Protein chains: 2
Amino acid sequence: MREPTSSLQGEIRAFVLGKIVGGEWAPGARVPSETELVARFGTSRMTVHHALKALTAEGYLRRVKGLGTFVAPPRAHVLHARLTDVADEIAERGGRHRCEVLDHDVRCASAAEAALFQLPPGERLLHARLLHFENDTPLQIEDRLIDPARVPGVEDLDPAAESYFAFLMGKVPYPAGRAVVRAVMPPMETRFLLRMGPEEPALEVERVTRAPDGAVLTVARLIYPGTRYVLSGEIAPPVGRAGDIAGDDE
Amino acid sequence: MREPTSSLQGEIRAFVLGKIVGGEWAPGARVPSETELVARFGTSRMTVHHALKALTAEGYLRRVKGLGTFVAPPRAHVLHARLTDVADEIAERGGRHRCEVLDHDVRCASAAEAALFQLPPGERLLHARLLHFENDTPLQIEDRLIDPARVPGVEDLDPAAESYFAFLMGKVPYPAGRAVVRAVMPPMETRFLLRMGPEEPALEVERVTRAPDGAVLTVARLIYPGTRYVLSGEIAPPVGRAGDIAGDDE
DNA sequence: AAGTGGTCTAGACCACTCA
DNA sequence: GAGTGGTCTAGACCACTTC
């Protein structure tokens, strides 16, 4: 990560961040107040405030009105792993992507599915199962349920032409959601489709995607052969979103 | 995520974010300029700037000097998964944590280990293998290598008393690092120790932790029984760190 | 009462892009 | 040259904490 020391904010940022990652200021330690930093760097208070605010948003600092600024206790780290469209992921590696449609139907929601989508049982749900290939080697089975009432036009989509991921991205960018990553032994059919070895486990990523209003839009189960796919990402401190009210986690 | 509309910044933020997550402003679309928002909300320019800056840091906007502000193209989402100390994780669930030391020795780095740590082969490395229990059920095997030259005092640590995670956190808070998540079939001994079923796969999380200067401090392999552990997290747009120079990814 | 951070103002200069 | 965002200033009032 390149640090811009070219600006006054950058200087203050580098000064504070340096003390933190260098271990000089331990977690919980008091950071100089805005007034003190103003005196030290000879800038206006707003400049200092900007720098500290940014570091707070990035999870390095904890600020309490009336009390002071402190080094945030990093008792947890956060894994930031990109979840992309399979097609994009393959393209990035320079591979060729192809997709076979295994199932594609509109069905009535079972009790479990209705509960998942918070819909009355029997409501219509679009179901699709796709097999994605990288250079003719199967890489992923995508098992997806979509609420067609919330995603207009999705019933007319040809999954082989445009991915559901891309389509949904266009319809509802910036969805909220949760994902769960598991190691599983998939059933026979899955093993066969993904050309997996007899003892090979699978990595399963299950995503529940919600509209900003909280309604479930789609549930996707992505299954990868364990020997051909890993999930990877960077580790960083937990980020604070500006929309959040000050941390209630203590 | 609660949005503070109590402040002027909050109002502007809510206005812009609403248009984005509501799909009214599509990815790539032009966002009103600071001048326009100043006119609309009747605030000073700094106030508008703050709000847009925050949304930029959170990955929702893309700003180009001299050009304008745009809705960031969300072609990828990011899974934000917490990586905590096992002991903390178990404590959060109200469980009881216990730890058995399987191996604990200082050895000379093999060629592969030396390469991983970017050290000359034969350098001393601390190796430990721990079995973590939740309520007397084994949950994790921690297989860890540490460069004792970079982490003073680590050789005197009793892993059963204080976890390496906590110790390292205290020594080098806010490390940089990468993690890889895999589904694997562990060897016999591991299956036995974790009391895994004959066909049960394992979830493996491998972390490489680096000091701010880039030197590898520790490599941890954490192995969980697939039926007793999942990795989960929230999905959000990729965050931009203020220290980064404007995105070069296009 | 003194000090803290949160927010806001009304200016300013700059580097940049586009026409 | 007009418009954009990036940065900065020197003030201000507020809510909050601790003493």
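Please read these numbers as outputs of a predicted model, since none were measured by experiment. Just so it is clear: chains get the letters A, B, ... in the order the sequence lines come, proteins before strands, and each one is counted from 1.
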Visitor: Mind calculating the distance between CZ (A:Arg62) and C1' (C:dG6) to the nearest angstrom?
Guide: 16 Å
Visitor: Under 4.0 Å from OP1 or OP2 of C:dC14: is there any side-chain N or O of B:Lys65 that close?
Guide: no
Visitor: Hey, do the aromatic rings of B:Tyr224 and B:His132 have their centres closer than 6.0 Å?
Guide: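 No; B:His132 has its ring centre 6.0 Å or more from that of B:Tyr224.
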Visitor: If you find the nucleotide of DNA chain C closest to A:Met46 and the one closest to A:Val64, which residue's nucleotide is nearer the 5' end?
Guide: A:Val64
Visitor: Counting only side-chain nitrogens and oxygens, does B:Lys53 get under 4.0 Å of the OP1 or OP2 atom of D:dG5?
Guide: no
Visitor: Please report the C-alpha distance between A:Glu134 and A:Arg93 in whole Å, then the side-chain angles of each, then the deciding distance to 0.1 Å, and finally whether the side chain to side chain contact (heavy atoms under 4.5 Å, CB included) criterion is met.
Guide: CA-CA 10 Å; A:Glu134 173 170 13; A:Arg93 288 194 288 260; 2.8 Å; yes
Visitor: Hey, is the side chain of B:Gln9 poking within less than 4.0 Å of OP1 or OP2 on C:dG6, counting only N and O atoms?
Guide: no
Visitor: Using whole Å, report how far CZ of B:Phe41 lies from P of C:dC8.
Guide: 12 Å
Visitor: OP1, OP2 of C:dT7 versus side-chain N and O of B:His50: anything below 4.0 Å?
Guide: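 Indeed not, no polar side-chain atom of B:His50 lies that close.
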Visitor: Counting side-chain heavy atoms from CB outward, which of D:dT7, C:dG6, D:dT4 is closest to B:Arg30?
Guide: D:dT4
Visitor: Between C:dG3 and A:Ser33, is there an OP1 or OP2 to side-chain N/O distance shorter than 4.0 Å?
Guide: no
Visitor: Name the closest nucleotide to the B:Thr35 side chain, picking from D:dT4, C:dT4, D:dT7.
Guide: D:dT4
Visitor: I want to check one thing: is the phosphate of D:dG6, taken as OP1 and OP2, less than 4.0 Å away from some side-chain N or O of B:Arg63?
Guide: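 Yes.
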Visitor: Go through the steps for B:Val151 and B:Val172 under the test side chain to side chain contact (heavy atoms under 4.5 Å, CB included), then give the verdict.
Guide: CA-CA 8 Å; B:Val151 189; B:Val172 190; 5.5 Å; no
Visitor: Considering only side-chain heavy atoms of B:Leu67, which listed nucleotide, D:dC8, C:dC18, D:dG11, is closest?
Guide: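 It is C:dC18.
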Visitor: Quick one, A:Leu126 and A:Tyr164 - any side-chain contact, counting heavy atoms below 4.5 Å?
Guide: yes
Visitor: Examine C:dG5: is either OP1 or OP2 under 4.0 Å from a nitrogen or oxygen in the side chain of A:Thr69? Give yes or no.
Guide: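 Indeed, a polar side-chain atom of A:Thr69 lies that close.
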Visitor: Does B:Thr47 place a side-chain N or O at less than 4.0 Å from the phosphate oxygens OP1/OP2 of C:dT7?
Guide: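 Answer no for this pair, as no side-chain N or O of B:Thr47 is under 4.0 Å from OP1 or OP2.
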Visitor: Output the single nucleotide from D:dC8, C:dA10, D:dG5 whose closest atom is nearest the side chain of B:Ser44.
Guide: C:dA10
Visitor: Nearest of D:dG5, C:dT17, C:dG6 to any side-chain atom of A:Glu34?
Guide: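 When the side chain of A:Glu34 is considered, C:dG6 is the closest of D:dG5, C:dT17, C:dG6.
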Visitor: Under 4.0 Å between a side-chain N/O of A:Ser7 and OP1 or OP2 of D:dG6, yes or no?
Guide: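 False: A:Ser7 side-chain N/O out of range (4.0 Å or more) of D:dG6 OP1/OP2.
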Visitor: State whether B:Arg63 and B:Glu34 are salt-bridged, where the test is any N-O pair (Lys NZ or Arg NE/NH1/NH2 against Asp/Glu carboxylate O) under 4.0 Å.
Guide: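 Judged by the 4.0 Å cut-off on N to carboxylate O distance, B:Arg63 and B:Glu34 do form a salt bridge.
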Visitor: Taking atom P of C:dT4 as reference, at what distance in whole Å does atom CG of A:Leu37 sit?
Guide: 10 Å
Visitor: Looking at A:His49, I'd like to know whether one of its side-chain N or O atoms comes within less than 4.0 Å of OP1 or OP2 on C:dT7.
Guide: no
